[in-house]
Amino acid sequence: MKKRNMDGSSLHPFGVNLTRWLPLLVLVGGLNGGCAFGDLTIQMPQPGTTTGYSGGNERVLIVPAFVDKRAEHRIGMKKNNYNMDTANVFANQNVNEWLGSRLGNELRSAGFVVNPQGDNPNAAKIQGFTHQLFIEPVIQWTTVDLESDISVLIRVSRPDGLEAERRYFVKGLEQALFGLDDTYATSLRKSSDDLMKRVVADIINLLNRFPETSVRP
């Protein structure tokens, strides 16, 4: 006679209730499927404005594309349930140009006059350096967290002698059961939003604390 659980469901010959573990098995099967082994190109989040800050007071800033300091140019990896790297994740556009445009848009929204390349003799230059931008799945019991890490250095320089720099590291986490490919961009949007809020606030505070002075001829 076949053994059954108290709720009437059938037991596996080894005593495992497969019905209870079916959702997890489906998830694991999906991670091991063919889709896990194909390279992925994600749409980078559009460089909008999210900080809501003000205080630029029409001061002129030069904000070029970031300088690439990354060790590798893929922006992520895909893994199977054994935590093995199975495929690469690439961006659909230049990461450093995307970061420069994103920062420029945020500063412009805050009231600055922003040019990628300016000829104003008193303009401050905001130069970013990309040290890391990477997304990967972190597999939990029943979910997969898409974790994105961004590390950049921001250097501010001005003709009157002002120089400052700061390193930033932010993390974005997006939880997903299915459709993992769609959540890479969502995770990146969270981390880049957090980065912009920190960088723009620091730039406003720095320039307010040290107002520009006349440049000597």
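As the structure is a computational prediction, the values presented were derived from the model and not from experiment.
- A donor-acceptor contact shorter than 3.5 Å links the side chain of Asp39 to the backbone of Asn88.
- The environment of NZ in Lys69 is sparse: at most 12 heavy-atom neighbours from other residues, nucleotides or ligands sit within 6.0 Å.
- Within the 3.5 Å criterion, the main-chain N or O of Leu206 finds no donor-acceptor partner in the side chain of Arg209.
- To the nearest 0.5 angstrom, Met196 atom CE is 5.5 Å from Leu99 atom CG.
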Should Val200 and Leu107 be marked as a side-chain contact (heavy atoms from CB on, under 4.5 Å) after you check the CA-CA gap, both sets of side-chain angles, and the distance that decides it? CA-CA 6 Å; Val200 173; Leu107 290 167; 4.1 Å; yes

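- A distance-only check finds no donor-acceptor pair linking the side chain of Glu136 to the backbone of Ile75 [under 3.5 Å].
- Between Ile42 and Val89 there is a side-chain heavy-atom pair separated by less than 4.5 Å.
- Leu162 and Ile204 end up in the same hydrophobic cluster when Ile, Leu, Val, Met, Phe, Trp and Tyr side chains are linked at under 4.5 Å.
- Two residues are said to be in side-chain contact when any heavy atoms from C-beta on lie closer than 4.5 Å; Ile154 and Phe66 meet this criterion.
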Assess the residue pair Ile135 and Leu188 against the criterion (side-chain contact (heavy atoms from CB on, under 4.5 Å)); give the C-alpha distance rounded to whole Å, side-chain angles, the decisive distance to 0.1 Å, and a yes or no. CA-CA 7 Å; Ile135 315 167; Leu188 180 58; 4.0 Å; yes

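- Looking only at side-chain heavy atoms (C-beta outward), Glu147 and Phe134 stay at 4.5 Å or farther from each other.
- Residues Phe129 and Tyr168 do not share a hydrophobic cluster, clusters being chains of Ile/Leu/Val/Met/Phe/Trp/Tyr side chains in contact below 4.5 Å.
- With hydrophobic clusters built from ILVMFWY side chains whose heavy atoms lie under 4.5 angstrom apart, Leu153 does not share a cluster with Ile150.
- In plain terms, the two heavy atoms of Phe169 and Ser151 that are nearest each other are CD1-CB, 3.9 Å.
- A chain of hydrophobic side-chain contacts below 4.5 Å, direct or via other Ile, Leu, Val, Met, Phe, Trp or Tyr residues, connects Phe210 to Val156.
- Distance alone, capped at 3.5 Å, places no donor-acceptor pair between the Asn57 side chain and the Arg59 backbone.
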Under the criterion side-chain contact (heavy atoms from CB on, under 4.5 Å), I'd like the reasoning laid out for Asn92 against Met44: C-alpha separation, chi angles, the key distance, then a yes or no. CA-CA 6 Å; Asn92 71 324; Met44 300 293 280; 3.3 Å; yes

Walk me through it: do His73 and Asp68 pass the test side-chain contact (heavy atoms from CB on, under 4.5 Å)? CA-CA 9 Å; His73 292 283; Asp68 202 341; 3.2 Å; yes

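- The cluster map of Ile, Leu, Val, Met, Phe, Trp and Tyr, joined by side-chain heavy atoms under 4.5 Å apart, puts Val63 and Val60 in different clusters.
- The shortest heavy-atom contact between Gln43 and Ala185 is O-CB, 3.6 Å.
- Of all heavy-atom pairs spanning Arg102 and Asp193, the tightest one is NH2-OD1, 2.6 Å.
- The pair Arg198-Asp194 counts as a salt bridge, with a side-chain nitrogen and a carboxylate oxygen less than 4.0 angstrom apart.
- Atom CD1 in Ile126 sits 7.5 Å away from atom CG in Leu103 (nearest 0.5 Å).
- With hydrogens and angles ignored, the 3.5 Å screen pairs no side-chain donor or acceptor of Tyr184 with any backbone N or O of Pro137.
- For Lys125 (side chain) and Ile62 (main-chain N/O), no donor-acceptor pair under 3.5 Å exists by modelled atom type.
- Although no hydrogens or angles enter the test, the distance criterion places a donor-acceptor pair under 3.5 Å between the side chain of Ser187 and the main chain of Gly172.
- Under a cut-off of 6.0 angstrom, the local environment of CD in Glu58 is sparse, with at most 12 non-hydrogen atoms contributed by other residues, nucleotides or ligands.
- Remark: Leu133 CG to Ser148 OG distance equals 7.5 Å, nearest 0.5 Å.
- Judged by distance alone, the side chain of Ser101 and the main-chain N or O of Trp98 form no donor-acceptor pair under 3.5 Å.
- Listed for the Ser109 side chain is no donor-acceptor partner under 3.5 Å among the backbone atoms of Asn105.
- Without hydrogens or angle criteria, Glu106 side chain to Thr51 main chain gives a donor-acceptor distance under 3.5 Å.
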